[in-house]
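This report refers to the structure that appears directly beneath it.
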Amino acid sequence: MKKNTESQRKWNRIHERNLTNRRCRKRKRLSARNRFPLSGTRVIKAPQIISLTDPEHRRELLEFLEQLRLSRYKKGYFRLDFSSTHRIFADGMVLFRAELCNIINNEHAATYRCILPHDTKIKEVLHQAGVLSLLNQHIPITPKHPDVVHWRTAHGIKADGVTSGTLLDEYEGQVAKELLSDLFVGVTEAMTNVHHHAYIPASEKCKTRKYCREDAENGRGWWMFSQKKGGFLHVVICDLGIGIPGSLPDRRPRIFEKLLSLGLGERDSRYIEYAVQDSVSRTEKNHRGKGLGQIVRGLFDHSADSEIAIFSNRGYYRERNGETYVHDFKESILGTVICWRTPLAT
Amino acid sequence: MLADTIGDVKTINIARDFTRFPAGRYLDDGDYPGELFRQKFLEPILEQGERAIIELDGVMGYGSSFLEEAFGGLVRAGYEPEKILGTFEFRSSDPSLILEIRSYVEEAVQQ
């Protein structure tokens, strides 16, 4: 038998090494496919614009969230498709993250991944908001967009002054001290309200009970974002509870009766408006409460340019420049989102 | 716990001795609620018949839930409003805070 030359031996070694590498890569591909098979994966399409304010965008977002909720107890693989998403607003984002977190961190049968957005900025937002991490997409992303770099998130169950105060402390020097204090008070009072009033069964007397979250008593927690954008500091907080309309009839029966007498019992926005105006509490005892009024009004003591908006179930309430605006949407967000906006110091 | 004593008067600086970030009403609400502050700082002063200066500055903010439970809660715990307001002297760069605390003590009486 003819012996191999040196060059032939060298060629054999290279060939063998390449073969080994190819086999190794194939094994990895098969292994990854088995962990998350592409076939049989169902896709849930995320909206192009994640927002709660515009009726059309809100409807699309809530349909997306409904599909997400329905998928929870189905065995199988789901991909959340962000490929068309090109704008994200804090109010919609905090609600989406809350719903996703509520599923991922609690009992669920489905396995979730995502299809990344084409838009780099949206990718950064999803990363900064912790969504990619929740979906097990551990991609090294360093946010570069000025709007995104300053996104901050927090999540908790109780009235957590340390977490919210530490988050707001980052804006010291950029926001007037009094406004930061007002924000801290508003946020912590909102957390206290969530802990006391949000996760209980909706009142039997509520006329819009069908728009309240059904299993609210099994839920817990609040989710919070902060963001610097357009010369303002935006802070939003969300809960997945029964909403202000769900608790008002028991918290403040006289106010509820007044709403009914005025024919406003079907309007979630009016529940919010009356709750703000009367600073309700869950019981009739006068020593509790002042929370919602303080949540809304505190900021305006030090800045006329501030704005607050409350989404609760179908209702929307906004206060800006001394004027209030209320509106009722067709769909319920099944919870409450409170948004503060205050000017950055120049 | 109570850092300063000048004569018979203790000084309680909430930011230094309790927290910069008070929040919530009841013990179950969080780590630094009004009920905890009342039990840990205010009630012992009243029980011992001492006096104290409460320094309010340095805290990020005071929610109504915290203040009402801390001070209005003293009335519900059985202390007379006159004794409460006579025992504690409040110091703050924001006079409205002091008025708010006094109102909680007086409103708690009316229930």
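Letters go in sequence order (proteins before strands), and every chain restarts at 1.
One finds the CG atom of A:L168 at 9.0 Å from the CZ atom of B:F21 (value rounded to the nearest 0.5 Å). Atom CG of B:D29 and atom CG of A:D160 lie 11.5 Å apart (nearest 0.5 Å). The distance from the CE atom of B:M60 to the OG1 atom of A:T166 is 8.5 Å, given to the nearest 0.5 Å. Here the straight-line distance linking atom OH of B:Y26 with atom NE2 of A:H196 works out to 6.5 Å at 0.5 Å rounding.
Contacts of B:Y62 with chain A are made by backbone atoms alone, with heavy-atom separations under 4.5 Å and no side-chain atom involved. At a 4.5 Å heavy-atom cutoff, the contact between A:S181 and chain B is made by backbone and side-chain atoms alike. With a threshold of 4.5 angstrom between heavy atoms, A:L183 does not approach chain B through any atom at all.
Within a 6.0 Å sphere centred on NZ of A:K177, other residues, nucleotides and ligands contribute 12 heavy atoms or fewer. Residue A:E214 qualifies as open at atom CD: its count of foreign heavy atoms under 6.0 Å is 12 or below. For B:Q48, the CD atom counts as densely surrounded, since its 6.0 Å shell holds more than 12 non-hydrogen atoms of other residues, nucleotides or ligands. Taking a 6.0 Å sphere around CZ of A:R152, one finds it holds more than 12 heavy atoms contributed by other residues, nucleotides or ligands.
Considering every non-hydrogen atom in both B:A23 and A:A159, the closest pair reads CB-O, 3.8 Å. The shortest non-hydrogen separation linking A:V185 to B:G63 is CG1-CA, 3.9 Å.
Within the 4.5 Å cutoff, side-chain heavy atoms of A:H195 are placed close to those of B:D28.
Residues satisfying the salt bridge (charged side-chain N to carboxylate O under 4.0 Å, His left out) criterion with B:E43, sequence neighbours excluded, are B:R38.
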* **Stepwise salt bridge (charged side-chain N to carboxylate O under 4.0 Å, His left out) test for B:R20 and A:D169** => CA-CA 11 Å; B:R20 274 192 66 216; A:D169 250 353; 2.9 Å; yes
